[in-house]
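Structure first, commentary second.
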Number of protein chains: 2
Amino acid sequence: MSKNLTQQLTHKLGEAIVKGDYPIGTRMPSEAVLCEQFSVSRSATREAVKMLSAKGLISSRPKQGITVNPESNWNLYDSEVLEWILKSKPSLQLLKEFTQVRFAIEPMAAKLAAENATPKQLSQIEEALYRIAEAQEGLDDQLDAHINFLNMILLASGNRFFIQLTQFVDAALRVSIRYTNQVKGISNTDVTFHVKVYNAIKDGDGASAQTLIYEVLSDAVALIESRL
Amino acid sequence: MSKNLTQQLTHKLGEAIVKGDYPIGTRMPSEAVLCEQFSVSRSATREAVKMLSAKGLISSRPKQGITVNPESNWNLYDSEVLEWILKSKPSLQLLKEFTQVRFAIEPMAAKLAAENATPKQLSQIEEALYRIAEAQEGLDDQLDAHINFLNMILLASGNRFFIQLTQFVDAALRVSIRYTNQVKGISNTDVTFHVKVYNAIKDGDGASAQTLIYEVLSDAVALIESRL
DNA sequence: ATATACCATTTATCATATAATTGCCCAGTC
DNA sequence: GACTGGGCAATTATATGATAAATGGTATAT
């Protein structure tokens, strides 16, 4: 649970907004009303409102009150916002959009990793490989192992914007599991695939690494689209 | 300028943090000190601190004070954070990273646009084409016209996560102009290129649209890397 | 009909008091 | 001597009340 009142309120309101309880464009209850509804002081309320404004969900102005911003203003790559979205309106459509982003990001990340990975990062990817192998034998969680593998590739890309998407990829994979009920098809469980990716990265063969990831995600997207 | 005190302070502190005035991992001045330094009340200070925490730049806890988070926690896709980064430490390295993200995103966005664009969105892309043509004749700003074209493609992708990156692409292109001093090479000024992209999207030829954008960005990345 | 001045509402800011959290030290105990 | 618990101190967290500023709307004057 969130520690302090402000964060608790931020989460409650954030979830409610994302869920659609306060429709876009409409005015939320005024400061005073929110205080009463949630039995907190104005300080806590105002701080929560500020945090939500910082994430682009709302904006508040004198006289006009607190209004819900259009979705285009929301910071969708903020992991809290992402969490609220996943919690309140998971859907196959959302999974599709997630996977499309992975489709764009991961092949390029693998390419960059092949070109830039440090020896240390390489060994981290190799370790991730072992985890996947162990997961096959039931010694580790398959999903966690796969996510770890992808995260290591993102880290090895050496690009801070890719690195920041680790949480995003994490969320995307955890959603996918809800719908596919197995890792297979979304992220090939066959460890030989991951070995190929690792080898390409190790050999500095960016094009191969990129293509490998691209192909497997291509299948994943096709699978999801077939269900829509 | 930012309207209210809280936002002003948020910007000042945000910029300072990104700039490195408060090194990562260190403790920032306490609430009380910040109040005095910037001559504002505790409410304003606390709200600014909350906004920066919401963006992942800092975290504050009793006794421990306000500490600067590692960069991996920053919400780099937040347009304000992006703005602060661009303002304080623009570099060719940063441009490279920006362009790599574009390299990942834009070809896929074009592909999706080809597959999903509505008639209205198609006509918006067509309009953007006219703007580029007019820009060639000096009737419109070239950079703005190019950014507009890319934004329309992102919008037509129908994927909210791509759509959200319009600001990112905007920032990336505006940085690139600082270094290349001309749009050429970063985003081909030849309008015939853009016509090809538009036609591919209009014809629903995702693969072609994707390849076209990929090729031109491939050149852009190569150009930047040659300067590093 | 238009522009200006005023008014009411809501957030913004300031100020102060009290509570809660937590790192740290110190004493006590085994 | 090392570990455990209590208590202290520093800092943020929360509550509350008062005042300022912003702004949409209204009324008024021309």
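Letters go in sequence order (proteins before strands), and every chain restarts at 1.
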Just jot down the side-chain hydrogen bond (donor to acceptor under 3.5 Å, both in side chains) partners of B:Q93, sequence neighbours excluded, or say none.
-> B:E97
For A:L34 and C:dA12, what is the distance between atoms CG and P respectively, to the nearest whole Å?
-> 12 Å
Side chains of A:N151 and A:T166, donor plus acceptor under 3.5 Å | no
Lys/Arg-Asp/Glu bridge criterion (N-O < 4.0 Å) met for A:R131, A:D141 = no
What is the distance from CD of A:E31 to P of C:dT13, rounded to the nearest Å?
-> 11 Å
Would one find more than 12 heavy atoms of other residues, nucleotides or ligands at under 6.0 Å from atom CD of A:E126?
-> yes
Residue pair B:Y77 / A:Q164, side-chain donor-acceptor N/O under 3.5 Å = no
Just how far, in rounded Å, is C1' of C:dT13 from CZ of B:F38?
-> 17 Å
Considering the terminal five base pairs at each end of the helix from C:dA1-D:dT30 to C:dC30-D:dG1, what angle separates the two local helix axes, rounded to 10°?
-> 10°
Kindly determine whether A:Q64 and A:T67 satisfy side-chain contact (heavy atoms from CB on, under 4.5 Å), including the steps that lead there.
-> CA-CA 8 Å; A:Q64 188 172 342; A:T67 57; 4.0 Å; yes
Side-chain N,O (A:S60) to OP1/OP2 (C:dT10) below 4.0 Å = no
ring-ring contact (aromatic ring centres under 6.0 Å, His included) against B:F38, all qualifying residues, sequence neighbours excluded = none
Between A:R42 and A:L5, name the one whose nearest nucleotide on DNA chain D is closer to the 5' end.
-> A:L5
Would you please classify the geometry between the B:H146 ring and the B:H194 ring as parallel, tilted or perpendicular, with 30° and 60° separating the classes?
-> perpendicular
Check each residue of residues 43-59 of chain A for a non-hydrogen atom within less than 4.0 Å of any atom in DNA chain D, then write out the ones that pass by number, or none.
-> A:S43, A:A44
May I have the distance from B:K63 (atom NZ) to C:dG23 (atom C1'), rounded to whole angstrom?
-> 5 Å
A:Q8 CD to C:dA20 P, straight-line distance once rounded to whole Å | 14 Å
Name all pairs fulfilling the side chain to side chain donor-acceptor pair (under 3.5 Å) condition that reach into residues 12-27 of chain A, sequence neighbours left out, sorted by first residue then second.
-> A:E15-A:K87
Polar side chain donor-acceptor pair, A:Y130 to A:E134, under 3.5 angstrom | no
Can you find a pair of side-chain heavy atoms, one from B:I24 and one from B:W74, that are under 4.5 Å apart?
-> yes
Considering only heavy atoms of chain A and a distance under 4.0 Å, specify the first and last nucleotide of DNA chain D in 5' to 3' order that meet this criterion.
-> D:dA13 to D:dG24
